[in-house]
Number of protein chains: 2
Amino acid sequence: MLGLLSAGPASGYDLLKTFEISLASVWPATQSQLYAELGRLSKEGLVRVVAEGPRGRKEYEITEEGHTELCHWLVEVPPNQTRRSDMLLRVFFLDQVGSDAARGYLERLAERAVHEHDQLRGIREFVISEGDDALRLYGDIALEWGLRLTAAQRDWAEWAAARVAALEQQKAGHTAAE
Amino acid sequence: MLGLLSAGPASGYDLLKTFEISLASVWPATQSQLYAELGRLSKEGLVRVVAEGPRGRKEYEITEEGHTELCHWLVEVPPNQTRRSDMLLRVFFLDQVGSDAARGYLERLAERAVHEHDQLRGIREFVISEGDDALRLYGDIALEWGLRLTAAQRDWAEWAAARVAALEQQKAGHTAAE
DNA sequence: TCGCGACATGTCAACACAGGAATGTACGAT
DNA sequence: ATCGTACATTCCTGTGTTGACATGTCGCGA
């Protein structure tokens, strides 16, 4: 919220819209959370209501303290290391479903990665056309992360599927030899 | 829990220990959650108490239904796409702290990635020594994901820091020329 | 002018999660 | 014999999160 407001004043509704198209992919949150958070921030003096519009619209602005707090969080608060990945959790137990289904799972992961990668490429082309230099720099860096991540995921999933296939083969040969 | 129990019967305490050394990095959870989950699973008939040991120890076993449910989850339940990343969220607002601090943040990300990568390499070497083929396959595949992810993160962070530095340079030159 | 869709905020119940405290038992070493 | 450690489970409190529901306003086109 503080980050979004640092680009200029906006209402909760505005922030919600901006949030959904830009940040929801890296930080999912619901409307209730956003409004609740605005209330909290307002009570703590990190944001301030600067105007009231038509339908009860309240326009918020980031305060000095808010900006200080934002910068503090950006560079000083230690990043959260552990991310939860159900995708990887499943891999640990993939031996339970047999190598055929396991290979299928990995192949589907590869396909999904390719699909996501293409989507991101589409977004980048769209964003590039309306570039405004310094402001778009960090958005592009984040996008690049997505591109590299999905590319790595495709490679990995294909590699893993091949390894499973190799073991499958080896086992079949072993059984036939006996 | 179901996945861990599919390797054989165990108590909540056993599962907790196994969990901490093997899965906590991809699926953080606390002791309270694990015990609570066991209770729930037991009530739903997906696990069953097979023996009571010394200190109130209850040994659980996965049931037929539990195993069916596990396999169902592994291959049929659609994976969760959105992962939360405070690291990436910060990148979006990095222009707020100036290019110097921003570059510092990215460089620290690169360092952290290298450190994690080394740790994972250490783990792999330790695991390789006590390999038992098919069983260790999927653990190794998961490990490989970690290695590729951290390598990609280092490359990306270094690339991003260089881009920020380039823009910084360009700006400085522009200002000096005026 | 009527109604629909976008605007705009707020509340609620249910559940997930983190972290820690409370409680107690068994075993092995001294 | 007893003391510390590992074993083993349960409960509690506060906070984060989800998804749905409630409420109402404005503007525009038929």
Side-chain angles (χ1 to χ4, degrees), chain A residues 1-5 8-21 23-44 46-61 69 73 77-86 89, chain B residues 1-5 8-21 23-44 46-61 73 77-87 89:
Chain A
M1 290 293 99
L2 293 177
L4 290 175
L5 280 172
S11 72
Y13 194 79
D14 294 337
L15 294 172
L16 181 62
K17 286 299 144 78
T18 315
F19 184 86
E20 275 167 0
I21 58 166
L23 302 181
S25 54
V26 298
W27 195 270
T30 56
Q31 158 256 60
S32 0
Q33 269 177 85
L34 300 192
Y35 279 111
E37 194 60 35
L38 273 177
R40 232 169 293 146
L41 289 172
S42 175
K43 212 163 60 185
E44 288 175 34
L46 303 179
V47 303
R48 173 177 49 214
V49 177
V50 281
E52 309 227 353
R55 294 148 262 225
R57 174 195 176 92
K58 279 181 279 185
E59 199 154 357
Y60 291 92
E61 184 185 61
E69 173 60 26
W73 173 72
V77 176
N80 190 354
Q81 306 252 21
T82 56
R83 10 178 187 296
R84 199 163 278 196
S85 164
D86 64 312
L89 184 60
Chain B
M1 289 293 99
L2 292 177
L4 290 177
L5 280 173
S11 72
Y13 193 80
D14 294 337
L15 293 172
L16 181 63
K17 285 298 144 77
T18 315
F19 183 87
E20 276 167 0
I21 58 167
L23 303 180
S25 55
V26 299
W27 196 270
T30 55
Q31 151 259 61
S32 359
Q33 270 177 82
L34 300 193
Y35 278 111
E37 194 60 34
L38 273 178
R40 232 170 294 147
L41 289 172
S42 174
K43 212 164 61 184
E44 288 175 34
L46 303 179
V47 303
R48 174 180 45 214
V49 177
V50 281
E52 309 229 351
R55 298 148 261 229
R57 174 196 176 91
K58 278 182 278 185
E59 199 155 358
Y60 291 92
E61 182 185 62
W73 173 73
V77 175
N80 192 355
Q81 307 252 20
T82 56
R83 18 173 178 287
R84 199 162 280 194
S85 165
D86 64 310
M87 172 222 113
L89 183 61

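Since this is a predicted model, take the numbers as computed values, not measurements. Sequence lines set the chain letters: A, B, ... in the order given, protein chains first and strands last, and positions in each chain run from 1.
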- Describe the nucleic acid contact of Ala29(A) in one word from base, sugar-phosphate, nothing, applying a heavy-atom distance below 4.0 Å. sugar-phosphate
- Heavy-atom check, side chain of Tyr60(A) versus side chain of Leu4(A), under 4.5 Å: no
- Task: Could you check if a side-chain atom of Leu2(A) sits within less than 4.5 angstrom of a side-chain atom of Glu69(A), using non-hydrogen atoms only?
- Result: yes
- Message: dT17(D), OP1 or OP2 - any side-chain N/O from Arg84(B) closer than 4.0 Å?
- Response: yes
- Any Tyr13(A) side-chain nitrogen or oxygen under 4.0 Å from OP1 or OP2 of dC7(C): yes
- Message: Would you say that Asp14(B) contacts Arg57(B) through its side chain, given a criterion of any heavy-atom pair below 4.5 Å between the two side chains?
- Response: yes
- Can you find a side chain N or O atom of Lys17(B) that sits less than 4.0 Å from OP1 or OP2 on dC7(D)? yes
- Message: Are the side chains of Leu5(B) and Leu41(B) in contact, using a 4.5 Å heavy-atom criterion?
- Response: no
- Could you state the CZ-C1' distance from Arg40(B) to dT10(D), rounded to the nearest angstrom? 14 Å
- On a plain distance test, is the side chain of Gln31(A) in donor-acceptor contact with the base of dT18(D) below 3.5 Å? no
- Task: Figure out the CD/P separation between Glu37(A) and dT15(D), and round it to whole Å.
- Result: 13 Å
- Task: Check the distance between dG19(C)'s P and Glu20(B)'s CD and give it to me in whole angstrom.
- Result: 12 Å
- Query: Do Leu15(B) and Leu34(B) touch side chain to side chain, with heavy atoms closer than 4.5 Å?
  - Reply: no
- Query: Given atom OH of Tyr35(B) and atom P of dA8(D), what is their separation to the nearest angstrom?
  - Reply: 8 Å
- Position toward the 5' end of DNA chain D (nearest nucleotide), Gly56(B) or Thr30(A): Gly56(B)
- Message: Counting distance alone, no hydrogens or angles: does the base of dG19(D) have a donor or acceptor under 3.5 Å from a partner atom on the side chain of Gln33(A)?
- Response: no
- Any donor-acceptor pair under 3.5 Å joining the side chain of Ser32(B) to the base of dG19(C)? yes
- Item | dG24(C) phosphate, OP1 or OP2, under 4.0 Å from Arg55(B) side-chain N/O | no
- Task: Determine: side-chain N/O of Lys58(B) to OP1/OP2 of dC7(D), distance under 4.0 Å, yes or no.
- Result: no
- Task: Round to the nearest Å and state the distance from Leu34(A) atom CG to dA20(D) atom P.
- Result: 16 Å
- Message: Output the rounded distance in Å from CG (Leu16(B)) to C1' (dA18(C)).
- Response: 14 Å
- Separation of dG10(C) C1' from Arg57(A) CZ (nearest whole Å): 17 Å
- Item | Gap between atoms CG and P, on Leu38(B) and dT9(D) respectively (whole Å) | 8 Å
